[in-house]
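Encoded as structure tokens, the structure appears first; notes follow it.
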Amino acid sequence: QVQLVESGGGLVQAGGSLRLSCAASGRAFSSYRMGWFRQVPGNEREFVAIISRPGTTTNYADSVKGRFTISRDNAKNTVYLQMNSLKSEDTAVYYCAATVSNVLRPTIYNYWGQGTQVTVSS
């Protein structure tokens, strides 16, 4: 069992930055690929980014490429999402998730956090 807790969300002006954190407890954090997703009420959950187990490979949604950076610290059991040049359309609840899948962009994640709200004012 893995428990995921996100933090770092909040209100920021357009063009600003935020760094989200996702702390994991439980078994073998480094054995999971970690992803970030976001969801706006009424919409489907949207893939944002994913990082490999050692943190050497990343993949991003086109909408955030060049602005967001996913990273992880396996010694601290934590994955991060650095968000720069934020836009109003980045407003959403952001979730981290853990998967054992090796597919480039998995559709099945084993564990999810509870989410953290990010609001970007224009």
Side-chain angles (χ1 to χ4, degrees):
Q1 192 78 6
V2 175
Q3 293 80 41
L4 303 173
V5 179
E6 301 96 335
S7 61
L11 174 64
V12 63
Q13 289 189 335
S17 298
L18 278 177
R19 188 175 83 153
L20 305 183
S21 299
C22 172
S25 59
R27 298 174 49 193
F29 173 73
S30 61
S31 68
Y32 295 92
R33 297 169 72 206
M34 297 299 297
W36 283 97
F37 288 76
R38 64 188 183 186
Q39 188 171 24
V40 175
N43 291 1
E44 291 188 358
R45 195 167 292 186
E46 175 190 16
F47 167 80
V48 174
I50 189 169
I51 190 166
S52 63
R53 295 172 180 82
T56 52
T57 304
T58 57
N59 188 265
Y60 297 91
D62 288 344
S63 58
V64 307
K65 200 173 295 183
R67 300 187 299 122
F68 289 12
T69 302
I70 187 171
S71 62
R72 69 190 294 165
D73 186 337
N74 287 341
K76 295 183 178 180
N77 283 7
T78 302
V79 61
Y80 305 97
L81 185 68
Q82 177 67 44
M83 306 185 294
N84 298 329
S85 303
L86 282 161
K87 307 175 182 179
S88 57
E89 51 263 44
D90 294 319
T91 295
V93 177
Y94 283 72
Y95 300 88
C96 68
T99 182
V100 298
S101 173
N102 292 318
V103 175
L104 180 62
R105 290 190 184 180
T107 56
I108 298 175
Y109 281 75
N110 304 84
Y111 303 102
W112 291 86
Q114 84 291 347
T116 185
Q117 176 71 47
V118 171
T119 302
V120 183
S121 63
S122 56

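Just so you know, residue 1 is the first one in the sequence shown, and it goes up from there. These values consider heavy atoms only, across backbone and side chains, with no hydrogens, waters or symmetry-generated copies.
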Look up atom SG in Cys22 and atom CG in Asn77, then write down how far apart they are to the nearest 0.5 Å.
10.0 Å

Taking atom CD of Gln117 and atom CG of Leu11, what is their separation to the nearest 0.5 Å?
9.5 Å

Restricting to non-hydrogen atoms, name the atom on Ala92 and the atom on Val40 that form the minimum distance, rounded to 0.1 Å.
CB-CG2, 3.9 Å

If every non-hydrogen atom of Val118 is compared with every non-hydrogen atom of Gly9, which pair is closest and at what distance?
CG2-CA, 4.1 Å

Using atom types as modelled, flag every donor-acceptor pair under 3.5 Å from a side chain in residues 79-89 to any protein atom, sequence neighbours excluded.
from, atom 1, to, atom 2, distance (Å)
Gln82, NE2, Asn84, OD1, 2.9
Asn84, OD1, Ser17, OG, 2.9

Heavy atoms only: give me the nearest Ala24-Val2 pair and the separation to one decimal.
CB-CG1, 4.3 Å

Examine distances only and state if a side-chain atom of Glu6 and a backbone atom of Gln114 form a donor-acceptor pair shorter than 3.5 Å.
yes

Provide the full list of ring pair (Phe, Tyr, Trp, His ring centres under 6.0 Å) pairs with a residue in residues 18-55, sequence neighbours left out, each pair given once.
Tyr32-Tyr111, Phe37-Phe47, Phe37-Tyr109, Phe37-Trp112

Going from CE on Met34 to OG on Ser71, what distance comes out if it is rounded to the nearest 0.5 angstrom?
11.5 Å

Within this structure, what is the CD1-SG distance for the pair Ile70 and Cys96, rounded to the nearest 0.5 Å?
9.0 Å

Anything under 3.5 Å between a donor and an acceptor, one on a side chain of residues 97-107, the other on a protein residue two or more places apart or in another chain? List them.
from, atom 1, to, atom 2, distance (Å)
Thr99, OG1, Ser101, N, 3.0
Thr99, OG1, Ile108, O, 2.9
Ser101, OG, Val103, N, 3.1
Asn102, OD1, Arg53, NH1, 2.9
Asn102, OD1, Arg53, NH2, 3.1
Arg105, NE, Asn59, OD1, 2.7
Arg105, NH2, Asn59, OD1, 3.1
Arg105, NH2, Tyr60, O, 2.7

Once salt bridge (Lys or Arg N to Asp or Glu O under 4.0 Å) is applied, do any residues pair with Arg67, and if so which ones, sequence neighbours excluded?
Asp90

Answer with yes or no whether the hydrophobic clustering places Tyr95 together with Ile50; edges join I, L, V, M, F, W, Y residues whose side-chain heavy atoms lie under 4.5 Å apart.
yes

Can any side-chain N or O of Thr58 pair as donor or acceptor with the backbone N or O of Ile51 at less than 3.5 Å?
no

Partners of Glu46 by salt bridge (Lys or Arg N to Asp or Glu O under 4.0 Å), sequence neighbours excluded?
Arg38

Asn74: which residues meet the side chain to side chain donor-acceptor pair (under 3.5 Å) condition with it, sequence neighbours left out?
Arg72

